[in-house]
Amino acid sequence: MLDIRFVRKNPEAVREALKKRRAAVDMAEYEALDEQRRALIAEVEELKARRNQASKEVAEAKRRGENAQAVIDSLGGLSERIKALDEQATAIDAKVQDILMAIPNIPHDSVPVGADESANQVVRLWGEPASFSFAPKDHVDLAVSLGGLDAERAAKIAGARFAVLTGWAAALERALAQFMLDVHILEHGYKEVMPPVIVNTKTMTGTGQLPKFAADLFKLAETDYWLIPTAEVPVTNLYADETLPAETLPLDHCAYTPCFRSEAGSYGRDTRGLIRLHQFNKVELVRFVRPEESYERLEELTRQAETILQKLGLPYRVVALCSGDLGFSSAKTYDIEVWLPAQNAYREISSCSNFEDFQARRAGIRFKEKGGKGANLVHTLNGSGLAVGRTMVAVLENCQQADGSVVVPEVLRPYMRGLEVIRPA
RNA sequence: GGAGAGGUAGCGAAGUGGCCGUAACGCGCCCGACUCGAAAUCGGGUUGUCGGUGAUGAGCCGGCACGUGGGUUCAAAUCCCACCCUCUCCGCCA
């Protein structure tokens with residue numbers, strides 16, 4: 001959420017940002033409501049000040065043992081008027097908040113302006129896509145023929161967009177996750193957290209998933225519980241309504257959790273295999289940083305996520321999302337896209353974003369300088385490090401051999417009981 | 001699921017209708033004094049948010065906030081109602 005005073009004083013900057021994002025918010029209505037809100041507040045506050053003043057006089061008179069009936073009588077109806085105005089103010093404030101919550105973050109100056117993903121900019125490439133002497137199979141064919149993926153039974157017990165991994169595939173999923181965690185914990189200094197994967201509405205609102213994107217989420221019936229679409233939600237909100245000592249920044253957490261997404265509106269896309277599921281596992285990196293260094297930290301974060309692909313030897317590219325492709329809460333995002341030979345394309349495997357103070361304001365996450373006066377909002381960042389299922393897809397497709405076997409990347413072998421090659425059972 | 005206790009500032013905690021949200025007291029933290037320096041000691045300071053004014057700063061003025069939401073009252077941390085959360089004991093349970 002943007003600062004209500006910033007929006008009031010910089011309406012043109014907000015309109016400009018909305019235009020760059022191709023987002024529609026009725027700013028004229030918003031401004032009219034905001035003005036009404038302030039007028040009402042001024043009116044009701046004046047009445048309350050009068051009431052408080054009179055109450056003080058009554059108290060003083062009673063203390064002196066005098067009769068205060070005259071003052072009390074003069075207040076007739078004041079509280080009723082205050083109550084009526086208060087109700088109006090509350091109603092208008094709710095409307096203002098609704099719109100304010102629907103205004104997306106302002107894209108950073110370095111974000112390329114464009115309508116959709118075709119305007120995204122490739123920032124760098126790493127690795128050479130291997131040239132195969134045979135037609136590379138896709139990950140579904142590989143996983144099924146190697147006996148690791150059972151899509152039929154997944155559909156039977158849950159439905160479409162679920163997967164059952166068996167044997168080596170289940171082990172590979174665990175191996176990838178643990179490998180990623182070890183790198184981020186041991187080499188990049190992140191502290192691991194294992195949070196709840198069910199959260200309440202307040203938490204979902206803190207990071208910006210609600211109120212706008214309820215349709216993308218799973219909600220538990222008859223409760224205030226939601227399944228997290230990413231560990232970003234519980235981990236960022238760990239420090240909601242807290243003031244962190246400045247010396248603890250940057251505060252870096254990684255978390256390995258399942259993620260749940262309804263994938264509403266993606267019918268027909270990526271219906272095969274492990275690319276787009278209702279439930280998948282992800283190692284997430286979340287950082288709480290000082291505002292002045294958040295962009296430097298975003299570069300660092302992106303490189304840390306890239307490290308995983310480099311160690312696995314998987315070719316990828318880094319893309320700066322354009323304004324029209326940017327997520328609602330993000331001021332700047334780099335997507336990391338891994339090479340998938342069977343699709344002959346780069347596909348998203350990580351998304352690294354700087355939310356500046358957008359989430360921190362919603363969630364109430366501040367920091368305070370030791371001995372300093374007042375608290376300021378932190379900047380929050382997060383990035384996948386990485387999506388585990390999609391990493392498995394990339395490993396299978398990039399490391400396959402002509403005979404249908406798959407070579408296990410060396411760094412994973414210690415996590416796979418030394419297994420070097422995955423062969424049909 | 002049953003019974004009980006409790007939610008007040010960074011933490012602990014006092015506070016049964018007005019002089020208590022400028023929130024006692026203690027701890028922590030910050031500034032100062034003392035000291036060669038430190039500890040101890042002494043003095044002072046230390047919530048957030050919204051509105052107005054200022055320059056989107058500082059300051060000043062005002063409103064609100066004692067778990068949340070209602071109610072009673074001229075006036076609520078305090079009285080009444082509902083809900084949420086935490087802790088203890090019992091039951092159940094991986």
Side-chain angles (χ1 to χ4, degrees), chain A residues 1-14 16-17 31 33-97 99-101 106 194 196-206 222-225 237-249 251 291-292 356-358 360-378:
Chain A
M1 161 169 77
L2 298 177
D3 181 358
I4 189 168
R5 278 168 296 193
F6 174 87
V7 177
R8 187 177 305 140
K9 284 166 178 161
N10 303 277
E12 281 322 303
V14 175
E16 175 78 16
E31 282 163 352
L33 285 168
D34 182 52
E35 203 164 323
Q36 282 180 52
R37 169 179 175 271
R38 281 186 296 152
L40 273 168
I41 286 174
E43 197 180 344
V44 77
E45 282 190 356
E46 198 200 314
L47 294 180
K48 281 180 178 174
R50 253 167 65 193
R51 182 176 65 183
N52 290 345
Q53 185 56 40
S55 283
K56 223 174 269 180
E57 283 166 25
V58 172
E60 213 145 299
K62 295 231 165 173
R63 213 173 317 128
R64 285 195 305 259
E66 296 168 12
N67 191 318
Q69 201 52 45
V71 182
I72 292 172
D73 289 345
S74 77
L75 290 171
L78 187 56
S79 277
E80 281 71 22
R81 268 193 291 155
I82 288 173
K83 202 179 152 195
L85 282 172
D86 248 345
E87 273 166 23
Q88 279 182 53
T90 305
I92 277 218
D93 187 56
K95 284 188 199 168
V96 169
Q97 288 298 324
I99 300 180
L100 194 59
M101 296 276 260
I106 295 182
M194 195 173 277
V197 299
I198 296 174
V199 299
N200 57 32
T201 295
K202 178 178 186 290
T203 296
M204 233 17 132
T205 307
E222 319 279 324
T223 70
D224 186 40
Y225 292 144
N237 282 286
L238 236 34
Y239 303 104
D241 300 317
E242 290 191 34
T243 301
L244 304 165
E247 62 270 21
T248 61
L249 305 180
L251 177 55
E292 66 272 16
E356 298 189 358
D357 61 13
F358 192 86
R361 183 172 297 106
R362 286 184 169 224
I365 310 172
R366 294 160 215 284
F367 74 100
K368 192 174 177 179
E369 223 64 61
K370 198 180 169 92
K373 218 173 155 291
N376 295 303
L377 296 169
V378 300

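Convention: sequence-line order gives letters A, B, ...; per-chain numbering from 1.
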Within this structure, what is the [atom1]-to-[atom2] distance between [X] and [N], rounded to whole angstrom?
X: A:D86; N: B:G51; atom1: CG; atom2: P; value: 15 Å
X: A:D224; N: B:C85; atom1: CG; atom2: P; value: 10 Å
X: A:E242; N: B:U49; atom1: CD; atom2: P; value: 15 Å
X: A:E35; N: B:G52; atom1: CD; atom2: P; value: 10 Å
X: A:D241; N: B:A65; atom1: CG; atom2: C1'; value: 13 Å
X: A:L40; N: B:G52; atom1: CG; atom2: P; value: 13 Å
X: A:K9; N: B:U53; atom1: NZ; atom2: P; value: 9 Å
X: A:R37; N: B:C64; atom1: CZ; atom2: P; value: 15 Å

By salt bridge (Lys or Arg N to Asp or Glu O under 4.0 Å), which residues pair with [X], not counting sequence neighbours?
X: A:E247; result: none
X: A:R361; result: A:D357
X: A:E31; result: A:R15

Residues two or more places apart in sequence or in another chain: which of them pass side chain to side chain donor-acceptor pair (under 3.5 Å) with [X]?
X: A:R8; result: A:D34
X: A:D3; result: none
X: A:K56; result: none
X: A:T201; result: A:D224, A:W226

[N] and [M]: how far apart are their [atom1] atoms, nearest whole angstrom?
N: B:G63; M: B:C42; atom1: C1'; result: 39 Å
N: B:A23; M: B:C60; atom1: C1'; result: 23 Å
N: B:A76; M: B:C81; atom1: C1'; result: 15 Å
N: B:C89; M: B:C30; atom1: C1'; result: 44 Å
N: B:A77; M: B:A40; atom1: C1'; result: 38 Å
N: B:A3; M: B:G67; atom1: P; result: 24 Å
N: B:C27; M: B:C79; atom1: P; result: 30 Å
N: B:U73; M: B:G17; atom1: C1'; result: 9 Å

**Item:** 5' priority, RNA chain B, between A:A59 and A:R366 [closest heavy atom]
**Value:** A:A59

Quick test: give all pairs of protein nitrogen or oxygen and nucleotides 71-81 of chain B nitrogen or oxygen below 3.5 Å, distance rounded to 0.1 Å.
{"from": "B:G71", "atom 1": "OP1", "to": "A:K83", "atom 2": "NZ", "distance (Å)": "3.0"}
{"from": "B:A75", "atom 1": "OP1", "to": "A:S79", "atom 2": "OG", "distance (Å)": "2.7"}
{"from": "B:A75", "atom 1": "O4'", "to": "A:S55", "atom 2": "OG", "distance (Å)": "3.4"}

**Message:** Test: salt bridge (Lys or Arg N to Asp or Glu O under 4.0 Å). Region: residues 85-95 of chain A. Which pairs qualify, not counting sequence neighbours?
**Reply:** A:R37-A:D93, A:K48-A:D86

**Message:** Applying a 4.0 Å non-hydrogen cut-off, can you work out what A:R361 is touching in the nucleic acid: base, sugar-phosphate, or nothing?
**Reply:**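 Since no nucleic acid heavy atom lies under 4.0 Å of A:R361, the category is nothing.
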
**Asked** Any side-chain heavy atom of A:Q97 within less than 4.5 Å of one from A:M1?
**Response**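 Result yes, sub-4.5 Å side-chain heavy-atom pair found.
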
**Message:** Within the structure provided, determine whether A:V378 and A:L249 are in side-chain contact (heavy-atom separation under 4.5 Å).
**Reply:** yes

**Request:** Identify, with sequence neighbours excluded, every residue that meets ring pair (Phe, Tyr, Trp, His ring centres under 6.0 Å) alongside A:Y239.
**Result:**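 Result, ring pair (Phe, Tyr, Trp, His ring centres under 6.0 Å) vs A:Y239: A:H253, A:F288.
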
Atom pairs, protein N/O to nucleotides 61-63 of chain B N/O, distance under 3.5 Å:
{"from": "B:G62", "atom 1": "N2", "to": "A:E45", "atom 2": "OE1", "distance (Å)": "3.1"}
{"from": "B:G62", "atom 1": "N2", "to": "A:E45", "atom 2": "OE2", "distance (Å)": "3.1"}
{"from": "B:G63", "atom 1": "OP1", "to": "A:N52", "atom 2": "ND2", "distance (Å)": "2.9"}

**Prompt:** Mind telling me whether B:G51 is syn or anti, cutoff 90° either side of 0?
**Reply:**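 Anti.
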
**Message:** Could you report the tightest heavy-atom contact between A:A363 and A:N237, atom names first, then the distance?
**Reply:**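 Scanning both residues completely, I find the closest heavy atoms to be CB-OD1, 3.7 Å.
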
**Over 12 non-hydrogen atoms of neighbours within 6.0 angstrom of CD in A:E242** = yes

**Request:** Using Watson-Crick or G-U wobble pairs with both distances under 3.5 Å, give me RNA chain B in dot-bracket, 5' to 3', with [ ] for crossers and | for pairs to another strand.
**Result:** ((((((((.[[[..)..(......]]]((((((.......))))))(((((((.....))))))).[[[[[..)....]]]]])))))))....

